[in-house]
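See below for the structure under consideration.
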Amino acid sequence: MLARLVAVAGGLVAGVALLLLAELVLRLCGVGADLPRVDPFAGFSTRLPTFVPAQRADGTPVYRLAAGRLTIDEPQREVLATKPAGTFRIFVVGKPSAAGRPYGSGYAFPAWLYAAVPALR
C-alpha cells in the first residue's frame with residue numbers, strides 16, 4: 001500500500017514539475033509577454049474601447065467599431081458623432097445572433113427591425 005502511495009505521489013510531483021518547467025521555459029522565451037493580463041473581450045472592458053473617433057472621407061465626424069473588436073467576417077460599423085435633431089438611435093447588443101450568424105446580416109433581427117420600423121429609414 002505504501003509503495004502505491006509513493007508511486008502516485010511521485011507521479012503527481014513529476015507531472016507538476018513538468019508543467020512548472022514548461023511555464024518557466026515559455027516565460028524565459030517571452031511567450032505571451034505582450035498579452036494583456038485581462039481579457040479585453042470580456043464584457044465592456046475599458047482596456048479596449050468598443051467605438052473610436054474617426055472621420056469619413058467628407059470630414060463628417062463618426063465613431064467606428066475599434067479594429068480590435070472586429071472579427072474577420074464582420075463589417076465595419078459607424079455612428080454619427082453628433083445625433084441629428086429629431087432622431088433617435090437604437091443599438092442592438094449581442095453576438096452572434098445580432099450579427100446574423102450563420103446566415104448573414106440580412107437575416108439578423110436588427111435587419112428585421114430596420115425593415116419593420118419605417119421611422120428608422
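Positions are given from 1 along the sequence. Keep in mind that what you see is a predicted model, and the values were worked out from it rather than measured.
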Handout entry: Contact check, side chains of Val52 and Tyr63, non-hydrogen atoms, under 4.5 Å
Key = no
Exercise for the section: Treat each ILVMFWY residue as a node, draw an edge where side-chain heavy atoms are under 4.5 Å apart, and state whether Phe88 and Leu113 are in one component. Expected result: yes
Problem - Nearest heavy-atom neighbours spanning Phe51 and Val79 - result: CE2-CG2, 4.4 Å
Handout entry: Cluster link Ile90 to Val117, ILVMFWY, side chain under 4.5 Å
Key = yes
Fill in the blank from the handout: Output for pair (Gln55 CD, Arg64 CZ), nearest 0.5 Å, gives 9.0 Å
Exercise for the section: Give a yes or no on whether Arg89 atom CZ has more than 12 heavy-atom contacts from other residues, nucleotides or ligands under 6.0 Å away. Expected result: yes
Problem - Nearest-0.5 Å distance, CG of residue Leu26 to CG of residue Leu21 - result: 9.5 Å
